[in-house]
Amino acid sequence: MTTIVEMPLRFDSAIKKIIDSRDEFSKKIKKSQIITYSIEFFHSCFLDDPRHMKGIHVRLYNLQQDQHPEINNYMISWEDVPRNDEEDWIAFQSRINDQLEDFLSELNEHANVVKGSL
């Protein structure tokens, strides 16, 4: 599976942590009241090529009464997945796309998931 990276806040330029465990990330998802996501695709110069996902930006909102909302940004990306020597570029893109589709299907099981931004 791809690595899930917590993105820095605007005023903090360092990446806070890398989550290699799906269980830990699932706990954060379950605690969030609202989840938004956007998708990035691999680009090709041919319009008839199938579109393959290369990354998903996930934003978790934890809203608390009388406090500022806690917003955590994550990036799930193809860049952390090793490519097999015998695997060509198209097969690699397909494998990444399949992994990201599996992640999205798990994410969409939660009630407050929105594609796009708030």
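For this chain, numbers begin at 1 and follow the sequence in order.
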(message) Determine whether W78 and Q99 satisfy the following criterion, side-chain contact (heavy atoms from CB on, under 4.5 Å), listing intermediate values before the conclusion.
(response) CA-CA 9 Å; W78 68 278; Q99 288 181 2; over 6 Å; no

(request) Report yes or no: does N72 contribute a side-chain atom to a donor-acceptor pair with the main-chain N or O of L60 at less than 3.5 Å? (result) no

(request) Mark yes or no for whether Q93, through its side chain, and H52, through its backbone, hold a donor-acceptor pair below 3.5 Å. (result) no

(request) Just jot down the salt bridge (Lys or Arg N to Asp or Glu O under 4.0 Å) partners of E87, sequence neighbours excluded, or say none. (result) R95

(request) List the atom of L100, the atom of I56, and the distance in Å for their closest heavy-atom pair. (result) O-CD1, 3.8 Å

(message) Do K115 and N108 have side chains that approach each other closer than 4.5 Å (heavy atoms only, starting at C-beta)?
(response) no

(request) State whether the side chain of N73 and the backbone N or O of R59 hold a donor-acceptor pair below 3.5 Å, judged by distance alone. (result) no

(request) Kindly write out the residues that satisfy salt bridge (Lys or Arg N to Asp or Glu O under 4.0 Å) with E106, not counting sequence neighbours, or none if the list is empty. (result) R22

(message) Just so I know, are the side chains of K54 and F41 near enough to count as touching, which here means a heavy-atom distance under 4.5 Å?
(response) no

(message) Does Y61 form a side-chain contact (heavy atoms from CB on, under 4.5 Å) with T36? I'd like the steps, not just the answer.
(response) CA-CA 8 Å; Y61 294 85; T36 63; 3.7 Å; yes

(message) Quick one, N97 and F42 - any side-chain contact, counting heavy atoms below 4.5 Å?
(response) no

(message) Between Y37 and F103, is there a side-chain heavy-atom distance shorter than 4.5 Å?
(response) no

(request) Find the distance between CG (L63) and CG (N112) and round it off to the nearest 0.5 Å. (result) 9.5 Å

(request) Provide the closest heavy-atom pair for K28 versus S32 in the form atom of the first, atom of the second, distance. (result) O-OG, 3.0 Å

(request) Please name the pair of heavy atoms, one in I96 and one in M53, separated by the smallest distance, quoted to 0.1 Å. (result) CG2-O, 3.7 Å

(message) Would you say that L104 contacts I39 through its side chain, given a criterion of any heavy-atom pair below 4.5 Å between the two side chains?
(response) yes

(message) I'd like to know whether Q33 forms a side-chain contact (heavy atoms from CB on, under 4.5 Å) with N62, so could you lay out the CA-CA distance, the side-chain angles of the two residues, the decisive distance to 0.1 Å, and finally the verdict.
(response) CA-CA 6 Å; Q33 285 89 7; N62 192 355; 3.1 Å; yes

(request) Return yes when atom CZ of R51 has more than 12 non-hydrogen atoms of other residues, nucleotides or ligands closer than 6.0 Å, and no otherwise. (result) no

